[in-house]
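The next block holds one structure in the form of structure tokens; read it before the comments.
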2 protein chains.
Amino acid sequence: MEPGDRQREHYHHGSLKESLIAGARELLKEKGPDDFSLSELARRVGVSTAAPYRHFESREALLGAVAAQGYEELLRRLKKGVKSGVSPVEQLKLFGISYLSFAADHPELFQIMFNGRYNEEAGGPRGATFAPMIDYVEQAQAARLLPADLRSHEVARFLWATAHGLTVLHLNGGFASLGIDDTPEGLNSSAWDVVLGETGPNAPGAA
Amino acid sequence: MEPGDRQREHYHHGSLKESLIAGARELLKEKGPDDFSLSELARRVGVSTAAPYRHFESREALLGAVAAQGYEELLRRLKKGVKSGVSPVEQLKLFGISYLSFAADHPELFQIMFNGRYNEEAGGPRGATFAPMIDYVEQAQAARLLPADLRSHEVARFLWATAHGLTVLHLNGGFASLGIDDTPEGLNSSAWDVVLGETGPNAPGAA
DNA sequence: ACCTGAACACCGTTCAAGT
DNA sequence: ACCTGAACACCGTTCAAGT
């Protein structure tokens, strides 16, 4: 038994800040963002209800830190999901598919990232998430796969909004009552062909 | 002074249920959905904290009633916003524009309508909101303004998601940190030409 | 039938006090 | 420097009791 172990295990906590963030993610997954309680989190981590306030200004600040972690993970997921050997239009589709599947895997995290309460913390990471789309759009425009007379960042913003809208309507059950396929695969299958149909069956050169 | 007036004005309340819903909308606008308190609402309406429970099962049930009212108003707004004398593609654009501007006018209402907690109450109205889009899409497909080999309800769902995504990212400030135009007008101006460009400068017959 | 008054368990947050 | 214990004001909800 190392000398530091006893100290870390009971009484004082070694690294409470990290434990709180990790514990918050678990509790969030269990209870959902609405029933998440800071007191209960403190109880689970084995610390007094006042202890978190040495590390976070408020309950909201703690959730902001969780959201920041979420942005890092979303960014990693998108980098993995968007392959580099394919056409820029295909990359845009992969972006949307990865975006939705990340949210489906971590719905509580995604909800916290985009509930609008942590825009100061989220602004930077959100921009970093969005930036690659502009590149894909410009490459697609250069290759004449997308209309070239529209501003690339407006097109990118529009496509991001589409991915985001499909995602949040899927998460909150918006499609469920409509009797149409609500699986991530179903949502993504032909959906993107509507706007990015140039490489699909509607492609000008596909006939 | 009518005999009923005294009775309605003090002591007991005449129609508490309606007063609660109306008061909830005011309080919601003031405090936002997160800091909305049922106790404070009761206080404002001039009634004990237990009184609302004679009319609503819970705080959530009351907010569900507010959401239902929101759907009615959104539907009216969409019916007014989408003119009938124009092409179906133009109608789809007007749908998106009306959708966003309704949410910009009633952000707290929109948030409650789509937070996923009231899907039982919301399922019907949501379907009624969505249904007209399928008509527009089918008319556009018949007129060869949209690709005809995609299922109309999938295209409509996709366009709804786009309008919804633009709306929620606008509401929660998702575009603010990106240095691009975030006004409802700016979001709508050229945005829809990306997917519905057939009647715009990118239209096949426009050159 | 509709509402009050008082209570219950639970919040988030603060602060003096301990080590 | 980091945490505890106890307190504060405030929730949502329940229930006997009043009219």
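The structure displayed is predicted, hence computed values, not measured ones. To find a chain, count down the sequence lines: A is the first, B the second, and so on, and within it residues start at 1.
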Q) Going through the checks in order, is the salt bridge (Lys or Arg N to Asp or Glu O under 4.0 Å) test met by Lys31(A) and Glu26(A)? A) CA-CA 9 Å; Lys31(A) 299 278 194 172; Glu26(A) 280 181 36; over 6 Å; no
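- If you take CG of Asp35(A) and P of dC11(D), they are 18 Å apart, rounded to a whole angstrom.
- A donor-acceptor pair is defined here as one N or O able to donate and one able to accept, closer than 3.5 Å; such a pair exists between the side chain of Ser37(A) and the backbone of Ser39(A).
- Whole-Å rounding puts the Glu40(B) CD to dC10(D) P distance at 10 Å.
- Aromatic ring orientation, His164(B) versus Tyr99(B): perpendicular (interplanar angle above 60°, classes split at 30° and 60°).
- Aromatic ring centroids of Phe114(A) and Tyr71(A) lie under 6.0 Å apart.
- For dC10(D), the OP1/OP2 oxygens have no side-chain nitrogen or oxygen of Ser39(B) closer than 4.0 Å.
- Side-chain proximity of Leu38(B) to the nucleotides dT4(C), dG12(D), dT4(D) is greatest for dG12(D).
- DNA chain D is contacted by Ala50(B), Tyr53(B), Ser58(B), Arg59(B) of residues 50-64 of chain B, taking any non-hydrogen atom closer than 4.0 Å.
- Residues Leu171(B) and Pro107(B) share a closest heavy-atom pair of CD2-CB, 3.9 Å.
- Listed for the Gln141(B) side chain is a donor-acceptor partner under 3.5 Å among the backbone atoms of Leu150(B).
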Q: Using Watson-Crick or G-U wobble pairs with both distances under 3.5 Å, give me DNA chain C in dot-bracket, 5' to 3', with [ ] for crossers and | for pairs to another strand.
A: ||.|||||...|||||.||
Which side-chain N or O atoms in residues 128-139 of chain B pair as donor and acceptor under 3.5 Å with protein atoms at least two apart or in another chain?
| unit_1 | atom_1 | unit_2 | atom_2 | d |
| --- | --- | --- | --- | --- |
| Thr129(B) | OG1 | Pro125(B) | O | 2.9 |
| Glu138(B) | OE2 | Ser152(B) | OG | 2.8 |

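- One interatomic measurement links the two molecules: CG of Leu41(B) to C1' of dT13(D), which rounds to 15 Å at whole-angstrom precision.
- An OP1 or OP2 oxygen of dC11(D) is reached within less than 4.0 angstrom by a side-chain nitrogen or oxygen of Ser37(B).
- Under the 4.5 Å side-chain criterion, counting only non-hydrogen atoms from C-beta, Arg59(A) is in contact with Phe36(A).
- Remark: C1' of dG12(D) and CG of Leu20(B) are 15 Å apart, rounded to the nearest angstrom.
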